[in-house]
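Scroll down for the structure; my scribbles are underneath it.
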Amino acid sequence: MIEAVNLTKQYGALTVLDQISETISEGERIVIIGPSGSGKSTFLRCLNCMEDPTSGSIFFEGVDLTDMKVDINLHRQHMGMVFQQFNLFNNKTVLENITLAPLHVGLKKAKGRAARIQLKREVEARAHELLQRIGLDEWADKYPSTLSGGQKQRVAIVRALAMNPKVILFDEPTSALDPEMVGEVLDLIKQLANEGMTMVIVTHEMGFAREVASRVLFMDGGKIMEQGTPEDIFDNPQCPRLKEFLSKVI
């Protein structure tokens, strides 16, 4: 589904990603771990070109997203993104946050007033269905400022789901949450994993990584230093740097 080829990202003299080549297949649950500053979030953001690579290519379903002739937004519709800080629009209700993108995309194709009305009904019905799933439908007409951190992040995940993505990228989805709220967000991500959603997750939650991942990547210094199943990575690490990292976080 996604292939990075010789992916490099530099900020001046600083190399954040160093010639990374990696393939992510449909249905995989890739969890990326590593110390702060290792390039994890930059790698994730490069996958949908939120960060422009300095060199290299990103293929999504065979299309090179780094090609200037490609309509990047057409392909981004199929790649959901969940951020550390939720990034909800504070001046819009929960329902409006969820329906904004699918309405924007759908209205470009809808012909005539009747079609636009029908689209709005369908998109809002889907949003209510998703909110019911996470137990927040009664908050549909509330504003994000009235929600807890855990509720905001669950709404952000639902917002990504509303576009029916083929893959969801999670950038440290629990790092901005109080410890008591982490569990409710991780439970929702686990549900999606069990349903077969393709995911790439940057996280510092090692227990969660072990439980949800089909494959774990360990990054350090802008490189993927080791990868394997959760059992390989956590129970039988080979790389000295990975052993050192795990000794400090587990």
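We use all heavy atoms of the structure for the numbers below, so side chains are in, but hydrogens, waters and symmetry mates are not.
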Phe234: partners by ring-ring contact (aromatic ring centres under 6.0 Å, His included), with sequence neighbours left out: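 ring-ring contact (aromatic ring centres under 6.0 Å, His included) list for Phe234, sorted by chain: empty.
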
Taking only residues two or more places apart in sequence or in another chain, which ones pass ring-ring contact (aromatic ring centres under 6.0 Å, His included) with Phe43?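 Scan of Phe43 (ring-ring contact (aromatic ring centres under 6.0 Å, His included), adjacent residues dropped) gives none.
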
For Glu231, check side-chain hydrogen bond (donor to acceptor under 3.5 Å, both in side chains) against everything at least two apart and list the hits.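 Partners of Glu231 by the side-chain hydrogen bond (donor to acceptor under 3.5 Å, both in side chains) criterion, ordered by chain and then number, come out as Thr229.
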
Just jot down the side chain to side chain contact (heavy atoms under 4.5 Å, CB included) partners of [X], sequence neighbours excluded, or say none.
X	value
Phe59	Glu3, Val5, Ser57, Asp64
Glu122	Gln118
Val16	Tyr11, Leu14, Thr42

With sequence neighbours left out, write down each residue that passes salt bridge (charged side-chain N to carboxylate O under 4.0 Å, His left out) with Asp137, or none if nothing qualifies.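 Asp137 satisfies salt bridge (charged side-chain N to carboxylate O under 4.0 Å, His left out) with no other residue.
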
What pairs of residues pass the ring-ring contact (aromatic ring centres under 6.0 Å, His included) test when at least one of them lies in residues 83-132, not counting sequence neighbours?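 Matches after skipping sequence neighbours: none remain.
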
Do any side-chain atoms of residues 206-214 form donor-acceptor pairs under 3.5 angstrom with protein atoms, and if so which ones, sequence neighbours left out?
from   : atom 1 : to     : atom 2 : distance (Å)
Arg210 : NH1    : Asp235 : OD1    : 3.3
Arg210 : NH1    : Asp235 : OD2    : 3.4
Arg210 : NH2    : Asp235 : OD1    : 3.1
Glu211 : OE1    : Lys190 : NZ     : 3.1
Ser214 : OG     : Arg29  : N      : 2.8
Ser214 : OG     : Arg29  : O      : 3.3

Sequence neighbours left out, what pairs pass salt bridge (charged side-chain N to carboxylate O under 4.0 Å, His left out) with at least one residue falling in residues 83-99?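 The answer is none; no pair qualifies.
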
Under a single-linkage rule joining Ile, Leu, Val, Met, Phe, Trp and Tyr whose side-chain heavy atoms are separated by less than 4.5 Å, which residues share a cluster with Tyr143? none

Tracing side-chain contacts under 4.5 Å among Ile, Leu, Val, Met, Phe, Trp and Tyr outward from Leu107 reaches Leu103, Leu119, Val123

